Amino acid sequence: LLRSPPGAAVDQSRAAAPSSRAQRRRCSAMVDEALKSVEDLESLSFYGLAQTLADVQKLVDRVYHVETAKAPLAQDLAIAERKEELLEAQGQLKRTMGALLEEPRLTENERLLAEDFLQEQITKLRSAAGDARASKGIERLTDLLEGVRGTPPVPESREVRRIQASMKQLDAEWKEVAPIYDKWQAGRHNFKSNDDLQAFRRRYEECRKGREGSASRLEVALRARRDEAAEAAARKAAAKSAGPGAGWAAV
């Protein structure tokens, strides 16, 4: 039989300790990042609030797992130590989301998120059958849900639309350049000159990098609170610069 050398078990335990501490630090950093997102809720759109709430909820779920687990992991214990902060952040997010739904100005995507959010809160309150406060809460949330469903969606912000248009253009260009690049790499495509090759490679790299960064830029834009007044002013200015529509020249 092969035996471990003397002190091997001790060395393994020493190796595991730093790893456990590193995991605790990473989880603590995750909590810090989630809580930092709650510091400026006024800057977040309803979409941004919903995504931040989802991030916080995942951490809260891990806290509840610790409370029922027989042998919780060290990283989960690090999260559980921040339970009160996470629950407070969760409450702040829900209150802010509810306030925005008093007079909803939501995009099509946000309206779906709002319906899911309200339905989830209603379902939770219904579990408290016979509670007068819960009944009033259900009534209020149902009114908000009807308001969300009855309000027409607003357009995405100009920045979101700009990024989406850019992504569409980059995707179209990628369908053109990617096959040529693959053929060139495989030795099945030749360029007329080195200048043509270098120009194509620059075009390919710009398109590749643009596509790689588009998703993160779009996410940032979607999470940002829209300036409704500025958006309305921009639409009004665009309509004015476009001039009168067809058929109005003789009026």
Side-chain angles (χ1 to χ4, degrees), residues 29-63 79 82 85-125 137-138 140-171 210-236 238:
M30 287 171 54
V31 175
D32 288 339
E33 183 177 356
L35 294 177
K36 186 176 181 181
S37 300
V38 184
E39 291 177 357
D40 187 16
L41 297 182
E42 295 299 320
S43 68
L44 296 177
S45 64
F46 189 88
Y47 172 88
L49 292 167
Q51 299 307 311
T52 304
L53 178 61
D55 294 338
V56 171
Q57 186 61 55
K58 290 177 183 177
L59 295 171
V60 171
D61 290 343
R62 292 178 70 172
V63 170
I79 296 173
R82 314 284 293 278
E85 295 174 86
L86 288 168
L87 290 177
E88 175 60 26
Q90 184 187 53
Q92 289 180 19
L93 284 161
K94 289 182 178 180
R95 289 191 294 272
T96 304
M97 292 169 73
L100 286 182
L101 298 181
E102 295 285 346
E103 297 181 4
R105 296 279 297 169
L106 307 172
T107 65
E108 186 64 43
N109 184 36
E110 288 177 331
R111 189 163 64 171
L112 295 175
L113 291 172
E115 290 183 16
D116 289 343
F117 169 70
L118 291 170
Q119 289 281 21
E120 182 181 357
Q121 306 312 309
I122 291 171
T123 300
K124 289 180 179 179
L125 287 177
I138 291 172
R140 179 61 185 143
L141 291 172
T142 302
D143 288 342
L144 290 177
L145 182 58
E146 291 177 357
V148 167
R149 288 172 172 170
T151 304
V154 301
E156 295 285 1
S157 69
R158 284 182 296 168
E159 181 64 9
V160 167
R161 297 197 302 272
R162 184 189 68 78
I163 295 173
Q164 289 174 331
S166 174
M167 292 174 71
K168 186 176 181 180
Q169 183 178 353
L170 286 168
D171 286 344
R211 293 179 81 243
E212 287 178 352
S214 292
S216 60
R217 289 195 296 272
L218 179 60
E219 182 67 14
V220 170
L222 286 169
R223 291 194 179 210
R225 182 77 62 93
R226 293 179 298 280
D227 187 337
E228 299 289 351
E231 294 282 339
R235 288 194 295 270
K236 185 176 180 180

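All heavy atoms count here, side chains included; hydrogens, waters and symmetry mates do not. Just so we're clear, the structure is a prediction, and the values are computed from it rather than from any experiment.
Atom CD1 of Ile122 is separated from atom CD of Glu115 by 10.5 Å, given to the nearest 0.5 angstrom. For the atom pair CZ of Arg140 and CG of Asp143, the computed distance is 6.0 Å after rounding to the nearest 0.5 Å. Put simply, CD on Glu156 and CD1 on Ile163 are 10.5 Å apart, with the number rounded to the nearest 0.5 Å.
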**Request:** Report the C-alpha distance between Met30 and Arg62 in whole Å, list the side-chain angles of each, state the deciding distance to 0.1 Å, and finish with yes or no for side chain to side chain contact (heavy atoms under 4.5 Å, CB included).
**Result:** CA-CA 12 Å; Met30 287 171 54; Arg62 292 178 70 172; 3.9 Å; yes
**Request:** Take Glu159 and Arg162 through the salt bridge (charged side-chain N to carboxylate O under 4.0 Å, His left out) test and state the conclusion after the steps.
**Result:** CA-CA 5 Å; Glu159 181 64 9; Arg162 184 189 68 78; 2.8 Å; yes
**Request:** Test Glu110 against Leu49 for side chain to side chain contact (heavy atoms under 4.5 Å, CB included), laying out the working first.
**Result:** CA-CA 10 Å; Glu110 288 177 331; Leu49 292 167; over 6 Å; no
**Request:** Under the side chain to side chain donor-acceptor pair (under 3.5 Å) rule, what do Ser43 and Asp40 come out as? Steps first, then yes or no, please.
**Result:** CA-CA 6 Å; Ser43 68; Asp40 187 16; 3.3 Å; yes
Distance-only donor-acceptor hits, side chain of residues 145-154, under 3.5 Å, sequence neighbours excluded:
| from | atom 1 | to | atom 2 | distance (Å) |
| --- | --- | --- | --- | --- |
| Thr151 | OG1 | Gly147 | O | 2.6 |

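A salt bridge links Glu85 with Arg82: the distance from a Lys NZ or Arg NE/NH1/NH2 to an Asp or Glu carboxylate oxygen falls below 4.0 Å. The existence of a salt bridge linking Glu33 and Lys36 is excluded, since no basic side-chain nitrogen approaches an acidic carboxylate oxygen closer than 4.0 Å.
Counted by atom type alone, Gln92 and Glu88 present one or more donor-acceptor pairs between their side chains at under 3.5 Å. Neither side chain, Gln51 nor Asp55, offers a donor N or O lying under 3.5 Å from an acceptor on the other. Inspection of the Glu219 and Tyr47 side chains reveals an N or O donor paired with an N or O acceptor under 3.5 Å.
Looking at residues two or more places apart in sequence or on another chain, you find a side-chain contact (heavy atoms from CB on, under 4.5 Å) between Lys94 and Leu53, Gln90, Phe117, Gln121, Lys124.
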